[in-house]
Number of protein chains: 2
Amino acid sequence: MGRDRATLADVARRAGLSKTAASMVLNGREGTRLSAEAHQRVFAAAEELGYRPNIAARSLRTRKTATIAFVSDIVATTRFAGGLIRGALDAARERDHVLLITETQGDAAFEQYAIEAILDRQVDGVIYAAMATRRLAVPPAILGGAVVLLNATSSTQLPWVLPDDQGAGATVAETLLAQGHRDRIALIGRNRQKERDPEISLAAEARLHGIRETLAAAGVRLLTEVFCPEWLPEHGYTATRTLLSRPEAPSAIICMNDRLAFGAYQALGEVGLSIPDDISVISFDDDPIASWLRPGLTTAALPHEEMGRKAVELLLDGGGEGPSLVPMPLRRRRSVAAPASTVPSPRPPGEGPPAADVTSEVAR
Amino acid sequence: MGRDRATLADVARRAGLSKTAASMVLNGREGTRLSAEAHQRVFAAAEELGYRPNIAARSLRTRKTATIAFVSDIVATTRFAGGLIRGALDAARERDHVLLITETQGDAAFEQYAIEAILDRQVDGVIYAAMATRRLAVPPAILGGAVVLLNATSSTQLPWVLPDDQGAGATVAETLLAQGHRDRIALIGRNRQKERDPEISLAAEARLHGIRETLAAAGVRLLTEVFCPEWLPEHGYTATRTLLSRPEAPSAIICMNDRLAFGAYQALGEVGLSIPDDISVISFDDDPIASWLRPGLTTAALPHEEMGRKAVELLLDGGGEGPSLVPMPLRRRRSVAAPASTVPSPRPPGEGPPAADVTSEVAR
DNA sequence: ATGCTCTGCTAAATCAGTTTAGCGACGGGG
DNA sequence: CCCCGTCGCTAAACTGATTTAGCAGAGCAT
């Protein structure tokens with residue numbers, strides 16, 4: 001790999017000029033007094049030889065590598081990582097940079113390895129990413145250079161990019177209000193222990209805040225909230241069963257994320273309630289399952305690609321300290337409708353299929 | 001980032017030795033006649049100064065960068081990429097290497113960029129990964145160095161790693177046979193156009209082959225097959241409705257992947273059939289949804305982490321040309337049981353699912 | 001003729017390592 | 001006493017770029 005490559009000296013020789021001249025021409029240096037003809041010859045020689053600079057040699061001198069480190073806690077388990085990386089990759093390519101990826105897995109030894117590895121390689125900057133939106137501590141060793149936090153905050157004076165969870169909360173609430181939902185809106189997914197701990201997640205509180213403010217502005221209060229230990233389908237399922245066992249049935253359920261909403265779908269399906277005719281469901285994240293559910297789940301999408309892209313922009317183009325909030329667009333699907341005029345009553349389970357119009361659902 | 005670092009010259013000076021001596025000691029060179037005391041002094045000096053070699057300088061001379069390029073067609077969209085990357089990352093770290101990630105998005109210009117970028121950076125090897133198991137053409141420019149194909153084959157003489165889809169097919173079939181399913185096993189997900197095109201996917205044919213061979217060895221033939229244009233939930237849904245409209249109802253359904261199986265769950269749920277009491281469902285991939293479904297979906301897992309890990313091993317430790325098949329372990333959950341003694345009959349659905357010649361029907 | 005300023009270009013240093021070639025001291029054999 | 005080999009170590013070349021410092025020649029004014 002990469003033997004036989006023409007060097008700058010080869011180009012200079014072929015152009016009949018010095019390495020200095022060749023270097024300056026190829027780097028487009030201003031203020032040099034090299035003739036137009038010299039430019040021509042250098043470009044021609046470089047072209048003919050298929051010259052490409054050796055980045056190791058260049059960065060030895062310049063201490064620039066055109067490489068960005070992407071350090072994250074977990075890349076694998078969450079499918080959101082892909083979006084962040086993809087966005088970063090795109091923006092990096094546009095700026096002729098490349099991404100070095102490492103993972104700490106939340107392990108101090110691995111983090112140490114990752115940091116040494118990127119420091120040894122003299123990366124131009126570091127994107128320090130968390131897979132769950134949260135606050136974190138930035139290892140001091142990397143603070144010598146450019147750092148952008150992605151999907152995370154910190155107490156340090158750095159730029160960081162976050163999804164606009166609060167705005168998404170507002171959007172979600174507005175969507176329900178616009179359909180005529182008022183006093184029978186339930187919420188699933190708060191977590192007593194974790195939501196207040198910014199080291200674990202900032203999302204819950206911000207989303208809730210957006211929801212509450214918007215509802216309050218319309219003079220509406222949440223009907224109930226059901227707490228969940230985690231945001232997994234099984235918890236959404238149990239929470240929904242709990243919800244349905246209460247005297248006053250909701251006209252709409254806001255789930256804190258799509259996995260909870262999936263659980264809600266399962267519970268509602270078992271009980272024979274139809275979405276959105278009997279009950280609307282709306283949620284956050286735009287997990288792939290949101291589009292696979294029947295009916296499709298309306299949800300405020302986490303803008304992962306834009307976030308990854310934004311992080312690179314802040315790192316390379318500058319853009320100051322503090323937060324950059326990326327809007328979370330609402331994916332409108334079929335899970336939200338106007339509330340039924342009558343309060344829906346759960347059918348006894350085991351009675352058979354819900355009275356959904358199957359053929360219209362099949363026509364997809 | 002990385003200024004103020006001690007250099008080898010600093011270490012040598014502090015140890016009272018030459019750069020040569022320091023270099024040799026730190027690299028653990030055999031056959032050098034440096035005294036034990038000299039070793040001590042160098043190690044001590046390096047320790048005290050927190051010396052770390054500058055990789056750019058080193059690789060300028062040695063043409064080794066301790067960096068592997070991970071080139072894939074698509075990292076974002078599929079959540080499988082994470083597993084591949086994670087496995088590769090782990091194995092790379094164990095060997096003191098780091099991963100440079102690029103994405104071609106199947107675009108020739110992007111591929112060109114990616115290749116130049118990694119060639120410029122003198123990576124030690126390339127993992128060329130596809131997100132859908134398939135055959136691909138390796139760009140000749142990278143054939144100068146070490147290359148391993150991940151989740152892909154090629155006609156070139158390179159090592160490649162694939163999931164053992166055929167073995168998984170066998171496992172799946174055996175699992176059903178072991179539960180007593182025989183002549184009422186249906187299959188969902190073959191695709192007329194694509195499955196035969198190895199540029200698109202190798203998985204379908206291999207899985208089917210494993211299934212057919214195993215069943216044949218037990219004297220069993222598939223009851224029916226329903227074709228699907230893609231492997232998405234909606235197609236699994238339609239295919240299942242189609243399947244249920246046939247006179248002879250299956251006791252088990254094999255889905256070509258979990259997303260199809262999810263669609264099958266939806267259709268079975270609507271029609272009031274219970275999994276696994278009325279019908280068993282088994283599948284491939286171990287998508288996250290497999291564990292979220294109720295009941296949990298039994299499925300042969302794509303061993304992404306192991307595959308990524310294996311690719312790095314082949315690249316760095318050697319291991320010869322040709323295929324390395326990584327077994328696909330079965331995740332046993334609750335979706336498979338013994339067939340009901342009586343043939344399950346779908347409850348009369350008020351809305352008739354489409355009735356047509358199934359085998360020729362292409363679910364849309 | 002002298003000094004000065006431009007113009008157009010180059011030699012050499014530099015970055016931080018690895019590697020080759022070889023040097024001085026010492027001991028032993030002839 | 002001389003030659004040779006081993007021991008323990010080092011000077012210097014080398015990797016491929018960037019960058020500093022400066023040189024030769026032309027043109028112009030004095």
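Quick note on labels: first sequence line is chain A, next is B, and so on, each numbered from 1.
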- Message: Walk along nucleotides 7-13 of chain D from 5' to 3' and tag each nucleotide B, S or - by protein heavy-atom contact under 4.0 Å, base first, then sugar-phosphate.
- Response: BBSBBB-

Side-chain N or O of [X] less than 4.0 angstrom from OP1 or OP2 on [N]?
X	N	answer
R63(A)	dA16(C)	yes
R29(B)	dT19(C)	yes
Y51(B)	dA16(C)	no
R58(A)	dT18(D)	yes
N54(A)	dT15(D)	no

- Please report how far the helix from dA1(C)-dT30(D) to dG30(C)-dC1(D) bends, comparing the axis fitted to its first five pairs with the axis fitted to its last five, to the nearest 10 degrees. 80°

Could you give the [atom1]-to-[atom2] distance, from [X] to [N], as a whole number of Å?
X	N	atom1	atom2	result
K64(B)	dA16(C)	NZ	P	23 Å
L8(A)	dT19(D)	CG	P	12 Å
Q122(B)	dT18(C)	CD	C1'	15 Å
L60(B)	dT18(C)	CG	C1'	10 Å

- Message: Working to the nearest 0.5 angstrom, can you tell me the gap between D120(B) CG and Q122(B) CD?
- Response: 8.5 Å

- Query: Atom CG of L315(B) and atom CZ of F70(B): how far apart are they, to the nearest 0.5 Å?
  - Reply: 11.5 Å

Backbone N or O of [Y] within a donor-acceptor pair of the [X] side chain at under 3.5 Å?
X	Y	value
R309(A)	G87(A)	no
R14(B)	D10(B)	no
D107(A)	A109(A)	yes

- Message: Walk me through whether H39(B) and L34(B) qualify under side chain to side chain contact (heavy atoms under 4.5 Å, CB included).
- Response: CA-CA 7 Å; H39(B) 277 77; L34(B) 292 162; 3.9 Å; yes

- Task: Determine whether R52(B) and L119(A) make a side-chain contact, defined as any pair of heavy atoms from C-beta on separated by less than 4.5 Å.
- Result: no

- Query: So does R93(A) pair up with E103(B), basic N to acidic O under 4.0 Å?
  - Reply: no

- Any side chain to side chain donor-acceptor pair (under 3.5 Å) pairs touching residues 315-325 of chain B, not counting sequence neighbours? R95(B)-D317(B)

